There are 2 protein chains.
Amino acid sequence: MNVNSNTNRLAGILMRYHKIPDETIRRLPVYLRGLLFLSESGQERISSRNLADMLSVNPWQIRKDFSYFGDFGTRGVGYNITKLIKHINKILKLNVVHRAALVGVGNLGTAVLAYAGFRIYGFDIAAAFDINPKVIGKKINNVTIEDVSKLRMLKKRNIDIGIIAVPRSAAQETADALVKAGVKGILNFSPCYIAAPKKVKVITIDIAIDLARLPYYMPSN
Amino acid sequence: MNVNSNTNRLAGILMRYHKIPDETIRRLPVYLRGLLFLSESGQERISSRNLADMLSVNPWQIRKDFSYFGDFGTRGVGYNITKLIKHINKILKLNVVHRAALVGVGNLGTAVLAYAGFRIYGFDIAAAFDINPKVIGKKINNVTIEDVSKLRMLKKRNIDIGIIAVPRSAAQETADALVKAGVKGILNFSPCYIAAPKKVKVITIDIAIDLARLPYYMPSN
DNA sequence: CTATGTGAATTTATTCACAGCA
DNA sequence: TGCTGTGAATAAATTCACATAG
């Protein structure tokens with residue numbers, strides 16, 4: 001009993017030590033984007049202050065965020081950009097290519113399929129599905145659109161992420177199918193809550209909801 | 001001087017009293033979406049618990065959020081849905097129609113223009129601009145695409161929101177043009193920071209950045 | 001002398017527990 | 001009795017200040 005309670009306490013301390021704030025995880029991709037930009041332009045080092053100015057955030061926020069993972073920088077010098085990119089990629093598990101399947105190739109789906117911005121984070125949209133016979137067989141961005149009934153065994157095809165871009169009424173069943181096919185994460189563009197097993201992470205992006213809080217912050221005259 | 005300091009203190013107290021957490025503002029559109037859905041299906045009342053279950057959040061979070069604005073509900077009964085919708089719309093300043101101008105009618109821009117989800121919050125994309133002669137003059141969703149050089153005097157056209165869906169390299173100049181034309185808020189889809197005067201609120205949506213934190217939360221096996 | 005890394009202080013947000021009203 | 005509304009308690013995130021390393 002004493003042993004147990006000690007073990008639990010220890011586990012608690014270790015977990016607490018390793019616990020990364022969600023807000024930090026949310027910011028890491030932003031830092032990464034900036035760092036990749038700097039890397040492309042050939043820069044080798046950067047200080048927290050300069051990176052902060054560039055991204056319009058606070059330097060101490062950046063240092064605090066990085067400090068959760070160990071010593072990335074060199075005191076008096078700054079951060080080595082290449083090294084930092086590698087570190088962040090590893091933390092976010094972006095150091096391996098993630099293959100994704102898109103479901104729903106309408107206006108938004110097409111935009112997603114054509115969007116180049118995913119590649120810098122190591123994402124590859126490797127498959128696309130739709131229910132509309134008119135678009136099935138078509139090729140967009142080197143991806144041939146398949147019948148949605150073929151949506152299974154994604155795990156076998158090395159696909160671990162699903163992207164939902166279907167109408168709201170079909171969103172949940174699409175999610176269910178994706179889970180069944182073995183994806184471990186879902187990016188949902190439908191304006192609704194998606195239920196999924198705990199082991200599958202769902203992130204919902206609702207463009208309208210972000211727009212909806214804009215007027216609140218706009219001056220009235 | 002004494003008077004001044006008292007006034008300031010009073011203003012401070014009043015402002016503190018009225019200060020709404022940003023996180024609450026972020027959640028209001030989510031509640032609103034759920035309530036609109038309920039309203040459509042004819043329901044009249046709902047309790048914080050039922051709404052919470054529906055949206056997969058906590059009841060006390062909902063009650064706390066609403067409590068910043070006064071008494072919306074009836075103890076022992078719940079909330080009147082219609083009344084609540086009106087209240088939230090007013091808080092978010094969605095009780096007037098907001099006309100928006102879209103700049104950049106590529107894949108993403110087209111999807112935005114075709115997206116019906118904005119309407120429930122009272123948004124109306126009233127104008128669209130592009131630089132490509134091939135699309136200028138075309139009509140999508142009843143909006144005729146204009147030459148981007150015509151992008152000015154949006155205020156005169158009663159447009160107060162700008163939506164940026166151009167390549168990153170043109171994002172900042174587009175924002176500058178929108179500000180000059182008199183918009184008070186900008187929704188930016190370009191993967192970069194946008195500088196704007198303080199009086200203009202900018203909200204950036206970078207789809208890739210949201211996707212980028214998905215693998216972190218996905219189980220490794 | 002410069003810029004990181006981190007405990008401590010502060011601020012902000014969430015959760016709880018229950019008084020108070022229908 | 002049922003459900004809201006809200007102070008108080010807790011937890012989380014941000015900001016600060018400075019010791020520390022190059």
Side-chain angles (χ1 to χ4, degrees), chain A residues 12-13 15-28 30-31 34-35 38 43-85 87-88 91 213 216-217, chain B residues 12-13 15-28 30-31 34-35 38 43-85 87-88 91 213 216-217:
Chain A
I13 290 163
M15 276 179 67
R16 176 180 297 260
Y17 184 75
H18 282 289
K19 167 70 182 164
I20 314 304
D22 280 342
E23 292 303 308
T24 294
I25 296 299
R26 186 185 300 272
R27 284 186 292 264
L28 287 183
V30 180
Y31 301 152
L35 291 165
L38 288 170
Q43 208 172 313
E44 280 185 13
R45 281 198 306 257
I46 194 159
S47 68
S48 58
R49 164 176 271 282
N50 289 150
L51 184 60
D53 285 348
M54 178 181 156
L55 302 173
S56 194
V57 298
N58 298 105
W60 48 84
Q61 178 86 84
I62 291 181
R63 294 205 299 276
K64 189 62 154 182
D65 283 340
F66 289 172
S67 80
Y68 291 113
F69 307 101
D71 300 5
F72 285 179
T74 310
R75 289 171 198 233
V77 178
Y79 299 92
N80 175 299
I81 292 172
T82 312
K83 205 172 125 194
L84 194 46
I85 290 173
H87 268 298
I88 298 179
I91 294 160
R213 71 197 156 87
Y216 176 84
Y217 293 103
Chain B
I13 290 164
M15 277 178 64
R16 175 180 297 259
Y17 186 75
H18 282 291
K19 167 69 180 166
I20 314 303
D22 280 341
E23 292 302 308
T24 293
I25 296 300
R26 186 186 299 272
R27 284 187 291 262
L28 287 184
V30 180
Y31 301 153
L35 291 165
L38 288 170
Q43 207 171 314
E44 280 185 13
R45 283 198 304 258
I46 194 159
S47 68
S48 58
R49 165 175 269 282
N50 289 150
L51 184 59
D53 286 347
M54 179 180 154
L55 302 173
S56 193
V57 299
N58 298 106
W60 47 83
Q61 178 85 83
I62 292 181
R63 292 204 301 275
K64 186 63 152 184
D65 283 340
F66 289 171
S67 79
Y68 291 113
F69 308 101
D71 300 5
F72 285 180
T74 311
R75 291 170 198 235
V77 178
Y79 299 93
N80 176 299
I81 291 173
T82 313
K83 208 174 125 192
L84 194 46
I85 289 172
H87 268 298
I88 297 179
I91 294 160
R213 70 197 156 87
Y216 175 83
Y217 294 103

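Labels below follow one simple rule: chain letters A, B, ... track the order of the sequence lines, proteins then strands, and each chain is numbered from 1. When reading the values below, keep in mind they use all heavy atoms of this one structure, side chains included, and skip hydrogens, waters and symmetry mates. Predicted model only: the values in this text are computed from it and were never measured.
Rounded to an integer number of Å, the gap from Trp60(B) CH2 to dA17(C) P is 9 Å. The CG atom of Asn80(B) sits 13 Å away from the P atom of dT4(D) (whole-angstrom rounding). Rounded to whole Å, the distance from CG on Leu51(B) to P on dG5(D) is 13 Å. Atom CZ in Arg75(A) sits roughly 14 Å away from atom P in dA3(C) (whole-Å rounding). Remark: P of dA13(C) and CG of Leu28(B) are 13 Å apart, rounded to the nearest angstrom. The CZ-P distance, from Phe69(B) to dT6(D), rounds to 12 Å in whole Å. Distance, Arg49(B) CZ to dA17(C) P: 15 Å, rounded to whole Å. Atom CG in Asp65(A) sits roughly 14 Å away from atom C1' in dT4(C) (whole-Å rounding).
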task: Just do the side-chain contact (heavy atoms from CB on, under 4.5 Å) check on Leu28(A) and Phe66(A) with the steps written out, would you?
output: CA-CA 9 Å; Leu28(A) 287 183; Phe66(A) 289 172; 4.2 Å; yes
field: Residue pair Ile25(B), Tyr217(A): steps toward the side-chain contact (heavy atoms from CB on, under 4.5 Å) verdict
entry: CA-CA 10 Å; Ile25(B) 296 300; Tyr217(A) 293 103; 3.8 Å; yes
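Put simply, Ser48(B) has a side-chain N or O that comes within less than 4.0 Å of OP1 or OP2 on dT4(D). For Asn58(A), a side-chain nitrogen or oxygen approaches OP1 or OP2 of dT15(D) to under 4.0 Å. Taking only side-chain nitrogens and oxygens, Tyr68(B) never comes nearer than 4.0 Å to OP1 or OP2 of dT14(C).
Checking Thr74(A) against Asp22(A), the closest nucleotide of DNA chain D that is more toward the 5' end is the one next to Asp22(A). The residue among Gly73(A) and Lys64(B) whose nearest nucleotide of DNA chain C is located toward the 5' end is Gly73(A).
In this structure, the separation between NZ on Lys64(A) and CG on Asn58(A) is 13.5 Å, given to the nearest 0.5 Å. Here the CZ-CD distance, from Arg26(B) to Glu23(B), works out to 5.0 Å after rounding to the nearest 0.5 Å.
Within the 4.0 angstrom heavy-atom criterion, only backbone atoms of the sugar-phosphate kind lie near Arg27(B); the bases stay farther away. Across all strands, Phe66(B) comes closer than 4.0 Å to no nucleic acid atom at all (heavy-atom distances).
Out of dC18(D), dA19(D), dT14(C), the shortest distance to the side chain of Arg63(A) is found at dC18(D). Each of dA3(C), dG5(D), dT14(C) was ranked by its minimum atom distance to the side chain of Ser67(B); first place goes to dG5(D). For Tyr79(A), the listed nucleotide lying nearest its side chain is dT4(C); candidates were dT15(C), dT4(D), dT4(C). Comparing dG2(D), dT15(C), dT6(C) against the side chain of Asp71(A) picks out dT6(C) as the nearest.
Here the closest heavy-atom approach between residue Arg45(A) and residue Gln43(A) is recorded as O-NE2, 3.0 Å.
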